[in-house]
Amino acid sequence: MRHIKFIVPALVLLLVLSAFVWQRPKQIQYNPDPIEKRVDSLLALMTLEEKIGQMTLYTTDWGSTGPTIREGYTEDIRKGRCGALFNSHTVQFTRELQRIAVEETRLKIPLMFGYDVIHGYKTIFPIPLGEAASWDMEAIEKSARIAAAEAAAAGLHWTFAPMVDVSRDPRWGRVMEGAGEDTWLGCRIAEARVRGFQGKGIGNTDAVLACVKHFAAYGAPIGGREYNTVDMSERYFREYYLPPYAAAVKAGAATVMTSFNDYDGVPASGNRYLLTDILRKELGFRGFVVTDYTSMNEMVTHGVVVNEKEAGELSLHAGVDMDMQGAIYQRFLGQSVKDGKASVAEIDESVRRILRLKFALGLFENPYKFCDEAREKRVVFSAENRDAARDVARKSVVLLKNDKNALPLAKSANIAVIGPLADNKADLIGNWSGAGDGNACVSLLEGIKKVCLGEVTFTEGCEVEGTTRGGFLRAIENAKKADVIVVAIGEKAMMSGEAAARAEIGLPGVQEEMVKGLAALGKPVVVVLMNGRPLAIPDLDKRATAIVEAWWLGTETGNALADILFGDYNPSGKLPMTFPQSVGQVPIFYNEKNTGRPFDPNSKWTGKYIDMPNAPLYPFGYGLSYTTFEYSDPKPNKTAFKKGEPIRISVTVRNSGKRAGEEVAQLYVRDLVGSVTRPVRELKGFRKIMLNPGEAKTVEFILNDEDLSFYRRDMSFGSEPGDFEIMVGGNSMDTKKVRVTVL
Ligand code: NOJ
């Protein structure tokens with residue numbers, strides 16, 4: 001029994017340990033989220049000024065994406081008056097600012113760095129509208145994934161993307177940043193982009209926080225004019241504009257940005273109905289809300305508050321957690337608390353939301369986690385990323401016209417390359433191109449020269465804008481000597497994007513006139529369009545032999561286009577937005593209502609223009625291939641369904657041409673009679689399928705109750721019994737249909 005003095009304490013220790021082991025699950029159950037505890041303990045140490053600092057976001061002087069109203073941000077960091085910065089990137093740059101935050105401030109709270117990584121950080125992918133034309137969710141997710149990996153390797157934690165604003169108005173310059181006009185497609189793309197940006201989870205060093213923007217309804221400014229008023233019914237908002245934001249939130253988007261516009265008379269940055277009632281309570285959003293650039297300040301100009309202090313109070317009460325570049329929270333919120341106009345509880349809640357994400361990013365463990373030069377060098381602009389960009393670029397191209405099979409071109413052809421965008425690099429990366437370098441782009445001319453074995457000449461012919469016709473003659477001379485003319489025309493990158501609304505959406509300058517001259521030669525004229533929005537180009541459509549919609553394809557433009565032009569890649573893109581014949585038809589979109597007097601060519605008293613057809617130039621979902629596809633009639637698994645029972649529709653698609661190609665089979669639904677009027681067709685599914693010549697595949701679509709649901713007369717969301725038309729085809733205007741009944 002000599003060892004008793006050891007045995008007893010050992011037994012006691014064992015007991016304690018087993019109690020601990022036994023208690024652990026209980027503790028975990030009690031406090032499921034250790035971050036919560038850490039946030040609370042940090043919050044308890046913070047002064048009001050430090051809390052407000054966390055709610056403040058400033059731009060650095062690295063880049064400007066709006067009016068610069070502030071300098072000296074390093075002093076703000078030092079004083080704990082600013083918790084996040086944007087327009088700051090690269091490991092070297094962010095490391096130094098982070099050092100100030102974690103070494104020189106009282107509480108050493110790390111900074112968070114944001115940037116507009118919209119379609120690539122340095123390896124630039126097609127503009128989002130272009131990517132949407134791929135109808136390829138894997139490709140879109142991959143593009144966001146690579147953008148995130150590059151951004152995170154360059155010191156960034158947060159991107160201001162995806163923009164999920166539905167828009168039916170091509171005058172609005174920001175259509176280039178979105179997924180086009182359709183709600184359902186917009187939802188799928190919003191989810192894919194969030195998944196791509198946030199990767200396997202926040203805190204991984206190849207992921208960044210997503211920021212869904214611009215909440216809400218920013219895509220519907222009156223007249224398409226940037227920053228203009230938005231006015232729409234609640235039904236319209238909920239049905240067409242809200243779902244992509246909801247989808248992005250459901251996919252786990254960490255942050256949301258407010259929009260510049262007012263909604264139902266209240267600017268979004270002060271709109272409690274939007275930011276709290278809908279976003280938090282209905283959609284269950286748990287992250288933080290940041291304003292758009294100085295939009296809090298602009299509420300004074302909107303005329304809903306008398307001064308900036310009141311603007312801050314309105315925003316705080318509405319649910320805005322972070323003030324982007326407005327410096328309103330920083331300057332006035334302390335006073336508002338003293339005046340009893342803002343509560344510390346509200347502020348605490350906002351700070352909690354922000355700190356939670358800083359903890360989730362892992363910045364408290366290692367504030368330099370995203371500052372690794374070796375990773376930055378390895379990941380940013382890697383050959384692998386460029387290959388991926390080339391692939392997504394090819395997938396984004398839409399073949400709008402191809403008379404006499406002018407395309408693909410023979411590699412032996414002698415080609416006259418003409419146009420202001422053919423030898424251009426700077427514009428190819430498009431607007432909102434992050435840290436992209438135009439000089440590193442492959443131009444169309446370079447791409448063609450790499451592949452073409454015949455003679456390739458080049459002349460600009462004219463500028464994108466302006467009226468100089470001096471180059472026409474040389475263009476004609478070159479064209480005369482060639483077998484085929486390839487003309488690269490369109491818009492400059494800065495003609496779309498923010499603050500780039502256009503009232504006329506034809507081709508600017510004398511570009512179209514130049515094509516007219518070239519077409520008169522009687523040779524095949526292949527037009528490559530580079531633009532950030534649908535254009536109204538009915539004359540060009542008549543004159544050109546072939547038209548390739550190339551949007552802004554990014555870093556790999558020339559290579560991707562050469563793949564398409566010479567047939568190494570068969571185009572499969574489909575328009576995510578309607579191309580009108582004239583700006584006078586705008587807003588124009590495929591999912592319109594029938595009205596009481598739908599268009600009838602034989603009756604004057606029907607809904608139409610007297611000077612122009614109703615039909616668009618190219619409808620939503622449209623895009624050709626170098627092969628052709630035939631659709632069978634869609635076949636439902638039965639004709640009558642109980643409410644909620646899945647409706648299975650199968651259709652056989654056959655490649656009736658001579659080349660292998662991909663087709664996007666699209667399914668549209670029409671509810672023939674509802675308690676409120678319903679659109680004549682709505683996209684509810686699609687399948688992208690690859691088919692060899694002569695090959696046929698049967699695809700199946702499943703429609704659930706939600707696919708038939710809408711906001712009924714009493715604003716409840718659900719389906720109604722009755723007859724539905726199901727349409728399947730290769731674009732929104734060319735479909736075969738079948739009718740089913742829901743009992
Ligand atoms: C204003 C734009 O509307 C928004 O989309 C962007 O993220 C911010 N500026 C920051 O650059």
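Indexing begins at 1, ligand by ligand and atom by atom, following the structure's order.
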Distance filter under 4.0 Å to D292 heavy atoms, resulting ligand 1 atoms: 1 (C), 2 (C), 3 (O), 4 (C), 6 (C), 8 (C), 9 (N)

Note: ligand 1 atoms sitting under 4.0 Å from heavy atoms of M257 are 4 (C), 7 (O)

So that I can tick it off, tell me whether R195 and E141 are bridged by a salt bridge, with the cut-off set at under 4.0 angstrom between side-chain N and carboxylate O. yes

Any N or O on D116 sitting closer than 3.5 Å to an N or O of ligand 1? yes

N-O pairing of R280 and D321 below 4.0 Å: yes

With the threshold set at 4.0 Å, does a side-chain nitrogen-carboxylate oxygen contact exist between E49 and K79? no

State plainly whether the residues K309 and E313 are in salt-bridge range, i.e. N to O under 4.0 Å. yes

Interfacing atoms of ligand 1 (cut-off 4.0 Å, heavy-atom, F86): 10 (C), 11 (O)

Sub-4.0 Å heavy-atom approach of R174 to ligand 1: yes

Do any N/O atoms on H214 end up under 3.5 angstrom from N/O atoms on ligand 1? yes

Ion pair present between K51 and D348, side-chain N to carboxylate O less than 4.0 angstrom? yes

Heavy atoms from other residues, nucleotides or ligands near CE of M137 exceed 12 (cutoff 6.0 Å): yes

With a 4.0 Å cut-off on heavy atoms, is M163 touching ligand 1? no

Numbered in order shown, the ligand 1 atoms found under 4.0 Å of a heavy atom of K213 are 4 (C), 5 (O), 6 (C), 7 (O)

For K200, is there an ion pair with D206 - N to carboxylate O distance below 4.0 angstrom? no

For E498, atoms of ligand 1 separated by under 4.0 Å from a heavy atom: 1 (C), 2 (C), 3 (O)

